[in-house]
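Notes follow once the structure below has been shown.
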Amino acid sequence: MRIVRYQTKNEAPKFGWLHDDKIGEIEGDLFGAYKRKEAKTPLADVRLLAPSEPSKIVCVGRNYVEHAKELGNDVPKIPLIFLKPPSSIINPGETIYLPPQSKQVEHEAELVVVIGKRARNVTAEDAKNYILGYTIGNDVTARDLQKTDGQWTRAKGFDTFCPFGPWIDTDFNIADALITCKVNGQPRQMASTRDMVFHVTTLIAYISSVMTLEPGDLIFTGTPAGVGELKHGDEVVVEIEGLGELRNPVKAEK
Ligand code: ZN
């Protein structure tokens, strides 16, 4: 099932499920008991929202060997984790703003896990039972500030630096899916999810040994090699095979 969050006119946001190009409302609790109503609202008639409202966004750094190398870093022996604030979230298709504090904002195409059930001290063997599904993310990063600050909160945390969506796929197969990023149609990143250093179940076990993961929380699983700069007027598209594409324009902040 593909889960969307959407809004029609001035109504409150709702969860829905996608059938071809029609949406049906999900009535009840997406993380508990719910009903799928008939899919009859055309996708073209709604505004798609970021498909989850996470309490936190946990990200994994240097989880692809070639990306760690391109920035001159070693591959970590245990997962390297950091947080992005929920205030950095934007909806699919919305604009990424380049803040005046940075001269080097870059894209990071990533597979994103959406948590389905509260998780604390979960084992890797059991971790799949805590996954609602997968979506596409762009871990937008002010690379210059990441280097100068040491701590990554500012570099990763600007408003608009967390586009994800357009939907959550509950049946997505992560074994060997191609992740690509294009800027203005030019390929920048391309790798398979099989190249991850730490796999999703290991990440859930590791992160849940530190903090409780809540339903709707996101895990950005790291970016492959090929990260590069975003400029005013660009369009960045992250695509994951079998999952879809996430498209955002880029503008300089006024
Ligand atoms: Zn990242």
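Every number for a ligand or one of its atoms is a count from 1 in the order of the listing.
- The Zn ion (ligand 1) is closest to atom OD2 of D139 (considering only N, O or S atoms).
- Inter-residue side-chain proximity for V58 and D217 is flagged as unmet; no heavy-atom pair is nearer than 4.5 Å.
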Walk me through it: do E253 and K251 pass the test salt bridge (Lys or Arg N to Asp or Glu O under 4.0 Å)? CA-CA 6 Å; E253 197 178 301; K251 283 185 188 153; over 6 Å; no
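- When the Zn ion (ligand 1) is compared with the N/O/S atoms of E108, atom OE1 turns out nearest.
- Residues I219 and F172 are members of one and the same hydrophobic cluster, defined by side-chain heavy-atom contacts under 4.5 angstrom among Ile, Leu, Val, Met, Phe, Trp and Tyr.
- E110 contributes OE2 as its N, O or S atom closest to the Zn ion (ligand 1).
- A salt bridge between K182 and E239 is absent, with no side-chain N of the basic residue lying under 4.0 Å from a carboxylate O of the acidic one.
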